[in-house]
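For this chain, numbers begin at 1 and follow the sequence in order.
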Amino acid sequence: MMVPLALLVLAGLVAAMAPRLLTRADWPDREPVVALWVWQCVVAAVLLCCALAMSLSAAAAWEAVRGHVFAVAPHAVVEAYALTSYASWAAPLAVALACGAVWTAAMLTREVRGARAQRRQRRAELVVRSPRLPGEDAGAERLVVLEGERPDAWSLGGAAPQVVITTAALRRLKGERLDAVLAHEQGHARARHDWLLHCSGALANGFPQVPVFAAFRDQVHHLVELAADDAASRRFGRLNTALALVELNEDRGVFGPCPTQHSQVPGRVHRLLAPAPRLTAARRLRLTAAAALVPAVPLLVTFVPGLSALG
């Protein structure tokens with residue numbers, strides 16, 4: 001039984017089918033937090049398939065690796081994997097998968113380092129433009145107000161998240177609409193959406209020919225905004241959140257005939273004003289549990305021969 005081949009076929013099936021099923025379904029926009037969890041489980045399953053296939057291929061190709069992978073396994077378990085049957089092509093496959101793993105780690109490291117450098121630069125600019133007040137706790141979550149003629153608000157992730165808003169936004173937004181914008185950005189910071197964006201971006205940039213990673217990145221960018229919208233609307237209402245989005249973005253041309261980089265804003269406003277009913281708690285629980293089982297399938301495929309030999 002060529003388990004590495006079965007794992008690679010499984011990875012291909014998951015990578016091909018899951019994005020189509022998720023993008024065609026109507027529930028992800030209704031339950032963005034659950035959808036983010038499902039996407040993470042799908043990508044984890046694909047990566048786990050590749051990692052397990054690499055380990056078994058390396059074990060078939062090199063005796064030293066085999067001794068580590070099957071260190072405590074009985075002889076019958078080792079024989080069940082029929083490692084010698086694909087030893088001729090195991091080494092090239094293991095090397096190729098190992099190169100992919102190293103490249104993934106390199107891209108993720110580059111993404112994280114770049115994000116940290118950019119965050120340090122932006123924090124340094126904030127300190128210059130908006131210095132801390134005497135006695136202000138450096139580790140506390142901080143709202144920073146900047147002079148600016150353009151209404152804008154954003155969050156800076158990291159160990160000490162910060163929410164930044166311009167004076168133009170403060171002049172334009174009043175009452176609960178301002179509170180909704182701040183709650184939206186705080187939702188990004190508290191849910192650590194920046195890390196999810198970095199990981200999805202690293203995979204998509206490192207493997208641009210793999211559609212599942214590009215779809216993962218695009219859906220993460222879309223779903224984190226919906227999740228933050230929901231966090232704000234639960235506290236200050238859907239109408240206030242929708243009006244805040246309109247007032248904050250009306251000067252950017254997002255509601256005109258020409259699309260911009262903020263072209264998803266009209267869809268977010270429509271979703272808030274005409275919400276589809278949420279899934280029931282039971283269905284959300286079933287989706288969450290089913291998604292958690294997806295990464296378990298590669299483990300099952302990997303361990304079935306060994307467990308069968310022991311049985």
Side-chain angles (χ1 to χ4, degrees), residues 2-57 89 92-112 114-115 193-227 259-265 267-268 271 287-288 290-302:
M2 297 184 182
V3 179
L5 182 60
L7 288 169
L8 293 179
V9 171
L10 176 62
L13 289 175
V14 173
M17 295 177 59
R20 294 182 182 181
L21 294 175
L22 289 172
T23 53
R24 292 176 182 176
D26 63 347
W27 65 264
D29 282 3
R30 296 156 63 187
E31 299 293 344
V33 175
V34 177
L36 284 170
W37 168 250
V38 174
W39 272 103
Q40 290 175 76
C41 290
V42 166
V43 172
V46 173
L47 296 177
L48 188 57
C49 284
C50 296
L52 293 172
M54 178 188 68
S55 299
L56 290 177
S57 299
W89 51 267
L93 177 61
V95 171
L97 292 173
C99 290
V102 171
W103 182 248
T104 301
M107 293 302 297
L108 184 58
T109 302
R110 188 184 73 170
E111 185 78 19
V112 171
H193 286 160
D194 54 322
W195 284 104
L196 196 53
L197 291 168
H198 295 330
C199 292
S200 62
L203 289 172
N205 294 332
F207 302 93
Q209 297 84 7
V210 182
V212 66
F213 295 148
F216 179 47
R217 175 196 57 197
D218 296 340
Q219 287 299 306
V220 164
H221 278 270
H222 174 63
L223 292 171
V224 296
E225 294 300 333
L226 301 188
T260 68
Q261 61 176 342
H262 301 281
S263 58
Q264 63 172 326
V265 173
R268 290 166 54 194
R271 173 179 177 270
L287 284 170
T288 303
L293 292 176
V294 174
V297 176
L299 295 174
L300 184 63
V301 171
T302 302

Checklist entry - Does W37 use its side chain to pair, donor to acceptor, with the backbone of T288 at less than 3.5 Å? => result yes
Answer yes or no: is there a donor N or O on one side and an acceptor on the other, between the side chain of E111 and the main chain of M107, under 3.5 Å?
no
Interatomic spacing from [atom1] in [X] to [atom2] in [Y] - rounded to 0.5 Å:
{"X": "Q219", "Y": "S200", "atom1": "CD", "atom2": "OG", "result": "11.0 Å"}
{"X": "T302", "Y": "L7", "atom1": "OG1", "atom2": "CG", "result": "4.0 Å"}
{"X": "N205", "Y": "R110", "atom1": "CG", "atom2": "CZ", "result": "6.5 Å"}
{"X": "R268", "Y": "E225", "atom1": "CZ", "atom2": "CD", "result": "4.5 Å"}

Does [X] reach the side chain of [Y], with side-chain heavy atoms less than 4.5 Å apart?
{"X": "L56", "Y": "L52", "value": "no"}
{"X": "V297", "Y": "L48", "value": "no"}
{"X": "H222", "Y": "D29", "value": "yes"}
{"X": "L196", "Y": "F216", "value": "yes"}
{"X": "W27", "Y": "V38", "value": "yes"}
{"X": "R271", "Y": "L226", "value": "yes"}
{"X": "P19", "Y": "W39", "value": "yes"}
{"X": "F207", "Y": "V212", "value": "no"}

State, to 0.1 Å, how close [X] and [Y] come at their nearest heavy-atom pair, and which atoms those are.
{"X": "W89", "Y": "M2", "answer": "CZ2-SD, 3.5 Å"}
{"X": "P295", "Y": "A44", "answer": "CG-CB, 4.4 Å"}
{"X": "A11", "Y": "V46", "answer": "O-CG2, 4.1 Å"}
{"X": "L10", "Y": "C49", "answer": "CD2-SG, 3.8 Å"}
{"X": "S57", "Y": "P4", "answer": "OG-CB, 3.6 Å"}
{"X": "A101", "Y": "M54", "answer": "CB-SD, 4.5 Å"}

For V112 and L108, run side chain to side chain contact (heavy atoms under 4.5 Å, CB included): C-alpha distance rounded to whole Å, both residues' side-chain angles, the deciding distance at 0.1 Å, then the answer.
-> CA-CA 6 Å; V112 171; L108 184 58; 4.3 Å; yes
Decide if atom CH2 of W103 counts as having more than 12 heavy atoms of other residues, nucleotides or ligands within a radius under 6.0 Å.
no
Check: Out of L36, V33, V34, which one pairs with L223 under the side-chain contact (heavy atoms from CB on, under 4.5 Å) rule?
Finding: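 Considering L36, V33, V34, a side-chain contact (heavy atoms from CB on, under 4.5 Å) with L223 is found only for L36.
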